Protein chains: 2
Amino acid sequence: MQKSRPTPRTDDRTAQTAGTPPARGRGRPRAFDREAALTQATRLFWTKGYEATSIADLTEAMGIGSPSLYAAFGSKEALYVEALNHYRKSHEGLVWGRFFTADTAREAVMGLLMDSAAALTGCRGDIPRGCMVTLSAVGSEGHAELGEVVRSARASAVDILTERMARAVAEGEIPASVDLHALARFVQTVQAGMSILARDGAERAELEAVAEVAMLGWDARVGGRPAP
Amino acid sequence: MQKSRPTPRTDDRTAQTAGTPPARGRGRPRAFDREAALTQATRLFWTKGYEATSIADLTEAMGIGSPSLYAAFGSKEALYVEALNHYRKSHEGLVWGRFFTADTAREAVMGLLMDSAAALTGCRGDIPRGCMVTLSAVGSEGHAELGEVVRSARASAVDILTERMARAVAEGEIPASVDLHALARFVQTVQAGMSILARDGAERAELEAVAEVAMLGWDARVGGRPAP
DNA sequence: CTGTTTTTGTATCGATCGACACAGAAAGGC
DNA sequence: GCCTTTCTGTGTCGATCGATACAAAAACAG
């Protein structure tokens, strides 16, 4: 029933999902920078959310016509998924960078919360306030599939935290008696709350002070500061 | 220029803003329960947010026609404001109840976080998960006026927390050296984060464990548990 | 009863929503 | 050169958005 043509509906040649190299096609070349357009779309979804961002908003910000948008990204939902992935690749490092290079779990969590305080308040370049993943309510807006995407993205945070703490237990930094899941949930809660305060205009110093109090809770739970 | 008639556009007779008693009017009586309809509208805005909730959704849930909605509430924005006030009056007590009756600031904050863990996960009757005020992103959706309403509602939390802690300082429960604003921001952050975790399906026990760790941070900052 | 006032249901308004048809334009393949 | 392929700009599709016009219906005032 399907046409003989392989129906290359949306263009993923430059998308990160394509395994093939740039592969300059045969037809008329694209007149806009796909990456730059995706960056603009990401910023728009980030600040306004999925429902409140219209195709007209997107085409204006991206500087292209709607047919170009649909040819390059497929649909509004597909564009949102790509924008979300683009966000994670280009901005999550600002928050999780020190986490993965720290020598101890305490330094990792401390770095995560401190970098969150800076990045979420827009102190790491000209970026919107708050985390796009944390603040996305697309799941409650009637888009179940998109909601599951962002929900799983949020869930990955607690997994990463738990894994790092489990390693800390194996290395003797954290006693085996500590409830790692509760501790990970605590850190996740503080970081999520930071996004809401940041969007309401909280200062970086305020969130850093919050992070310090949170680390006092960490120390009390883990059982005293690690050896200096 | 305005008509001689006082133009009683929207009907606030039964609204909480009216100072006059029920005042059964002269014309055809309203066929629906304004309070019940407002409750349904509140639930819808609560779960789906402002943008994603359409007039058609509202009229269906409220069981009325759109002219009745506009005659009784004025507009979608006005209805949202009323729904927000209705929410605060009917649901915020679930979270702030023990806070105002506690003898110490520590018990107040502990009660706030513990009751939040229960209420935000829907364990206080059949209510949506998460806080309507905390999770509202209407300000980022392009509605500046509504955004300011919810933003100020969120800001009131930190004010209440700070006031209570100042009282605790005056009563000797908290040393004067403690940064009350930072402590209030910390509690606000944890409570805000709880709403996000709750909407993603976190269990009540998980959030209670988070609250316990948060209280460890409180104790470390305030300087040891109060005398038993 | 008649007149006034207010609500109700139906039907609809212009604007905007996401998405696409179509033809012209710009490239490579031959 | 011509053919195929792909992208771009204009225009527009049906659906839905928030918000009303209108007249019938239901109450009170006299």
Side-chain angles (χ1 to χ4, degrees), chain A residues 3-15 18 22-34 37 41 44-45 48-81 138 141-143 145-146, chain B residues 3-14 22-34 37 41 44-45 48-81 138 141-143 145-146:
Chain A
K3 308 293 287 297
S4 57
R5 190 168 22 155
T7 57
R9 197 73 70 85
T10 72
D11 186 5
D12 285 343
R13 291 178 312 181
T14 336
R24 277 280 290 101
R26 291 209 313 168
R28 174 176 176 174
R30 184 179 288 128
F32 63 95
D33 184 343
R34 194 181 193 276
L44 214 50
F45 280 132
K48 299 186 61 176
Y50 181 80
E51 277 285 334
T53 303
S54 68
I55 298 291
D57 294 333
L58 290 165
T59 55
E60 183 184 357
M62 300 163 84
I64 61 177
S66 50
S68 298
L69 188 153
Y70 282 93
F73 300 100
S75 70
K76 187 187 177 186
E77 294 202 358
L79 174 57
Y80 184 82
V81 173
V138 69
E141 290 173 337
H143 304 266
E145 293 185 10
L146 293 182
Chain B
K3 307 293 289 298
S4 58
R5 183 161 35 149
T7 56
R9 197 72 69 87
T10 71
D11 184 7
D12 285 342
R13 291 178 313 182
T14 335
R24 277 281 290 104
R26 291 209 315 170
R28 174 174 176 174
R30 184 177 290 128
F32 64 94
D33 184 343
R34 193 181 194 276
L44 214 49
F45 280 132
K48 298 185 62 175
Y50 181 80
E51 277 287 334
T53 302
S54 68
I55 299 292
D57 293 333
L58 290 166
T59 56
E60 183 185 357
M62 300 163 84
I64 62 178
S66 49
S68 298
L69 188 153
Y70 282 93
F73 300 100
S75 68
K76 187 186 176 185
E77 294 202 0
L79 174 57
Y80 185 83
V81 173
V138 69
E141 291 174 337
H143 304 265
E145 293 186 10
L146 293 182

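Bear in mind the structure is a predicted one, so any value in this text is a computation, not a measurement. Reminder, nothing fancy here: chain letters follow the sequence lines and each chain counts from 1.
Between the side chain of Arg28(A) and the base of dT6(D), no donor-acceptor pair of N or O atoms lies under 3.5 Å. The base of dA29(D) has none of its N or O atoms less than 3.5 Å from a complementary donor or acceptor on the side chain of Arg26(B).
Partners of Lys76(B) by salt bridge (charged side-chain N to carboxylate O under 4.0 Å, His left out), not counting sequence neighbours: none found. In this structure, Asp33(B) has no side chain to side chain donor-acceptor pair (under 3.5 Å) partners at least two apart in sequence or on a different chain. With sequence neighbours excluded, no residue forms a side chain to side chain donor-acceptor pair (under 3.5 Å) with Tyr50(A). With sequence neighbours excluded, no residue forms a side chain to side chain donor-acceptor pair (under 3.5 Å) with Glu141(A).
Atoms CG (Leu58(B)) and C1' (dT16(D)) sit 14 Å apart, rounded to a whole Å. Spacing between atom CG of Leu146(A) and atom P of dG18(C) amounts to 13 Å, rounded to whole angstrom units. The separation between Glu77(A) atom CD and dG18(C) atom C1' is 11 Å, rounded to whole Å. If you measure from atom CZ of Arg34(B) to atom P of dT8(C), you get 12 Å, rounded to the nearest angstrom. The distance between atom CZ of Phe32(A) and atom C1' of dT6(D), rounded to the nearest whole Å, is 12 Å. Note: CD (Glu60(A)) to C1' (dT16(C)) measures 15 Å, nearest angstrom. The distance between atom CD1 of Ile55(A) and atom C1' of dA15(C), rounded to the nearest whole Å, is 17 Å. Taking atom CD of residue Glu51(A) and atom C1' of nucleotide dT16(C), one finds them 13 Å apart after rounding to whole Å.
Closest to the Ser68(B) side chain, of the nucleotides dC17(C), dG18(D), dT8(C), is dT8(C). The side chain of Arg30(A) has dT8(D) as its nearest neighbour among dT8(D), dA19(C), dT8(C). Distance from the side chain of Pro29(A) is smallest for dA26(C) among the nucleotides dA19(C), dG29(C), dA26(C).
The two residues Phe32(A) and Ala72(A) come nearest to each other via the heavy atoms CZ-CB, 4.0 Å. For the pair Leu146(B) and Val81(B), the tightest heavy-atom approach, listed with the atom from each and the gap, is CD2-CG2, 3.5 Å.
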Using atom names, set out every protein N or O paired with an N or O of nucleotides 10-13 of chain C below 3.5 Å, distance rounded to 0.1 Å.
none

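Residue Ala31(B) is the one, among Ala31(B) and Lys76(A), whose nearest nucleotide of DNA chain C lies closer to the 5' end (criterion: closest heavy atom).
Residue Thr59(B) is classed as having no contact, given no heavy-atom separation below 4.0 Å to the nucleic acid.
Between Tyr70(A) and dC20(C), a side-chain N or O to OP1/OP2 separation shorter than 4.0 Å is absent.
Applying the side chain to side chain donor-acceptor pair (under 3.5 Å) test to residues at least two apart or on different chains, the pairs with a partner in residues 56-67 of chain B are Lys48(B)-Asp57(B), Ser54(B)-Asp57(B).
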